[in-house]
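The structure appears right after this line, and notes come after that.
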2 protein chains.
Amino acid sequence: MTKSSKVASLIEELTRLAESGRPGDRLPTTRELATRFHASPVTVSRALSELAALRIVRTEVGSGTFVAPRQRPLDPDYSWQVVRLGTAGIDARRVEPLAATRGGADLLQLSWGFLSPDLQAGDLLTRAGVRAARRPHAWEIAPPEGTPELRRLFAASMGADADDVLVVPGSQSGIGLVLRTLAEPGDVVVVESPTYPGAVVAAQSARLRPLSVPVDGEGLRADLLDRALDETGARLVYLQPAFANPTGITTSPARRAELVRVAQRYGAFLVEDDWACDLGIDGSTPRALFGESADGHVITIRSLSKIAAPSMRIGAIFSRGPVTHRLRAARAADDACVPAPLQAIASEVLASNDWGRHVRAVSGALGRRRDALLAALSEHLPGMAPAVRPAGGLHLWLRLPPGVRSAVVVDAARHRGVLVGDGAHYFTDEAPGEHVRVSFGAATEAELEAGVRVLADVVGTVR
Amino acid sequence: MTKSSKVASLIEELTRLAESGRPGDRLPTTRELATRFHASPVTVSRALSELAALRIVRTEVGSGTFVAPRQRPLDPDYSWQVVRLGTAGIDARRVEPLAATRGGADLLQLSWGFLSPDLQAGDLLTRAGVRAARRPHAWEIAPPEGTPELRRLFAASMGADADDVLVVPGSQSGIGLVLRTLAEPGDVVVVESPTYPGAVVAAQSARLRPLSVPVDGEGLRADLLDRALDETGARLVYLQPAFANPTGITTSPARRAELVRVAQRYGAFLVEDDWACDLGIDGSTPRALFGESADGHVITIRSLSKIAAPSMRIGAIFSRGPVTHRLRAARAADDACVPAPLQAIASEVLASNDWGRHVRAVSGALGRRRDALLAALSEHLPGMAPAVRPAGGLHLWLRLPPGVRSAVVVDAARHRGVLVGDGAHYFTDEAPGEHVRVSFGAATEAELEAGVRVLADVVGTVR
């Protein structure tokens, strides 16, 4: 053993010794250490100097050497965590796009689940925000189920009772709460195929197993839903009956009644994500499924973040029957309350005279943008006309030509400054084809036109 | 069968018939129905009138009778939900006090987990709130892990890196996130006995099994923790090392080192709820346990809702190693972001020149209130002096005299206008004695004195 490797091995021994003690413990003298580790006092001194430099020990002249206060080591060992954590339950690839912020101003945003800033309720929120900040007791606690005023306003929008409303911090949080509360870990939850990736990760977070049931032009297929509930024992169905993300499909009246009947037959809950309730274009947003089940089979989730602004994290869960109490208890276990000032702002905005005007303005703008996008597609990508011309929402769902991979298109478009959504993220299993999702809520008509030109170019190139 | 019971049974038959159809379906003619159900046309007409009154069918003169649009029935049948929901996982009795708002002005508030309004950071929040509301792009989305500014500020308060910080909507939400992410349903999570009920319901919500490990005057007993981890396989430990709620105990330096060593031995996480980090009274809030594990065994949760105001639902999770990514993904699955305006307000308040003054003012007031409470107890209830004189936090933990039940005391005190906490809520298993928790953060010195007088009276009466 060379001298330096002797020092190295002594450093190792002494580190173990120090780490087995408590900060402030005194180490044996140099002489004692030399005897104990069969080393010369010089070697011990050199090792201790090294340890002092590493801040593992602290030497005080005249009184000895002590175990140093614990410091963050230069090279901490987190490997134990890898074992402890095991396999991730939540699919990070699916979370990433959810967690994305809007992207730089140099990018054309044709993949975004919110409205562009010019369509958001900016002025209304500013005015209400200033007033809420000045309220006395603005920051007191609010009831865990929401303020009476906001619950009344949500209830009125649905034709429900205020007691049916649970205020939650946004619809994503509402989806998670409902899935977590109404199914047990390991249970199957039915989702549409394709479906919103946020619902899939919420299900994963609750340790549920998402089961895809295909949609057709009228919505979720009731015959296959029946079979899925029968064969898997699933009793929870997540769906978007109006302007579904990503397909744009609105469930037909006949299909709605069928789905409710299937839920009744199996004693199942339909979890209606009514995310686009304020984003109808052609004047006719379908009524929520909520009203169609007398006996509480439908639980509906709505949100203000789409129609007002992304940071207006206020949503509502509508439910009837004992499930209401179950959800309320789970919400109280999650958090004391949704911040009172945020609820005050939401209430003021919803009750304001300008609110209706805002909603109509958004509807008009979305219609123009959707039509501009459809026109651009029909001009530049005539082979990729969407199967559905959505009457609301934010997205078109486009099937790529045979042989063209969505990941390649998305990547190539991003390199050319255009963001579009990869259809693969909307399937939990094998995708029955390659798709992109193109959003028309976050880009101007001119930007949509420019974006489609690039997309057409990219599709032509990678084909 | 009498005529009216004939009508009644026909009503039942026709209701089933209508409900098996879709809204808008035409019913057979009166004559056809009479034949089918062996009734006279008059009986059928009377039954249909009743059904029309119940809005189950709708009769249009000249065109027939139709299945009516579904209405909420007067007496909906939610009984299927009882079967579907099964036994509640979350203990509603424990949730109730968590979800309680402050209570009327006529009540003496000696049971409350927040500061009284006069001690909250009202002016600071108002000023920052107005400014945040006026910011351009105030309501844009924020990164799911929190704004860079707020993460930096939290990191600085801990001596950590901004990358170690995940912003969450309050500490209750942070506890839930950590427990849900780092343990699997059915796993055991160790909690102190007694412990904060919010942690117990968060564990229940995550389908974990809380296991109590007793504390002594130095904190959680490390020898028993070792045994618990060994015997149950638990790898998650929830604890409050500083000014624990409800006991007021601060973990001793020696015990802190021991607990970290036990966590290392088993590859376990210590989840440090540092709820009272800003509520030190005697100038010396202990450093967070976070810094004492080099290898990421400690995950710390802090919050602004205690020191700022209850509706300031902003907290931070501090962690190191791969667990940081795991928590971030789980947070993104929960919600798009903590509202940007709320983060802007929190950042401004934390960075303001007046913040330090606010924290010191709270510390001084808490000290005076604690001492007033201790003095009142020593005068009026000398037999119930607390075992611990807490150096911070909001609560005293008092053991009741033999034979006196906490539920009886709490109830009798409430009837006389004084709210105190029932010690039974702080145990997950058999309570080793009867206790009340008396809070000194939400009442003035005079109110504390008056409250203790009533408490003394009540204890004397029910004994």
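A, B, ... follow the sequence lines: proteins, then strands. Residue 1 opens every chain.
- Taking the six-membered ring for Trp and the full ring otherwise, A:F269 and B:W80 have centroids separated by under 6.0 Å.
- Judged as a side chain to side chain donor-acceptor pair (under 3.5 Å), and not counting sequence neighbours, the contacts of A:R207 are B:E184.
- For residues 83-93 of chain B, heavy-atom neighbours of chain A at less than 4.5 Å comprise B:R84, B:L85, B:G86, B:T87, B:A88, B:I90, sorted by residue number.
- Comparing A:A268, A:G186, A:A206, A:G24 by how many heavy-atom pairs each has under 4.5 Å with chain B, the most go to A:A268.
- Between the B:Q172 side chain and the A:A336 main chain, no donor and acceptor come within less than 3.5 Å of each other.
- Options B:A329, B:G176, B:P322, B:A340 differ in how many heavy-atom pairs under 4.5 Å they form with chain A, and the most are formed by B:P322.
- The most heavy-atom pairs under 4.5 Å with chain A, out of B:R180, B:R134, B:R331, come from B:R180.
- Here the side chains of B:E140 and A:Q120 are in contact, with some heavy-atom distance below 4.5 Å.
- Residue B:S79 does not touch chain A at all, counting heavy-atom pairs closer than 4.5 Å.
- Note on A:S205, A:G174, A:P185: by heavy-atom pairs under 4.5 Å with chain B, the leading option is A:P185.
- Contact count versus chain A (heavy atoms, under 4.5 Å) is highest, among B:A333, B:G159, B:G129, for B:A333.
- In this structure the side chain of A:S173 never reaches within 4.5 angstrom of the side chain of B:D334, judged on heavy atoms.
- Pairing each heavy atom of B:Q81 with each of A:V323, the nearest pair is OE1-N, 3.0 Å.
- With sequence neighbours excluded, the residues satisfying salt bridge (Lys or Arg N to Asp or Glu O under 4.0 Å) with A:R127 are A:D354.
- Put simply, the residue from B:L342, B:V338, B:I345 that forms a side chain to side chain contact (heavy atoms under 4.5 Å, CB included) with A:P339 is B:L342.
- Between the side chain of B:D295 and the main chain of A:P76, no donor-acceptor pair closer than 3.5 Å is present.
- When all heavy atoms are compared, the tightest approach of A:A254 to B:R22 is CB-NH1, 3.3 Å.
- Of all heavy-atom pairs between A:A332 and B:V95, the closest is CB-CG1, 3.3 Å.
- Interface with chain B: from residues 303-311 of chain A, residues A:A309, A:P310, A:S311 qualify, criterion being any non-hydrogen pair under 4.5 Å.
- No more than 12 heavy atoms of other residues, nucleotides or ligands shown are found within 6.0 angstrom of CZ on A:R135.
- Interface residue B:R326: only side-chain heavy atoms are found under 4.5 Å from chain A.
- Here B:L125 is the residue among B:T126, B:V200, B:L125 with the most heavy-atom pairs under 4.5 Å with chain A.
- Neither the backbone nor the side chain of A:F290 comes within contact range of chain B, judged by heavy atoms closer than 4.5 Å.
- Within a 6.0 Å radius of CG in B:D118, other residues, nucleotides and ligands contribute more than 12 heavy atoms.
- In this structure, the portions of B:H297 lying under 4.5 Å from any heavy atom of chain A include both its backbone and its side chain.
- When the candidates A:L177, A:I314, A:V130 are compared by the number of heavy-atom contacts under 4.5 Å with chain B, A:V130 comes out ahead.
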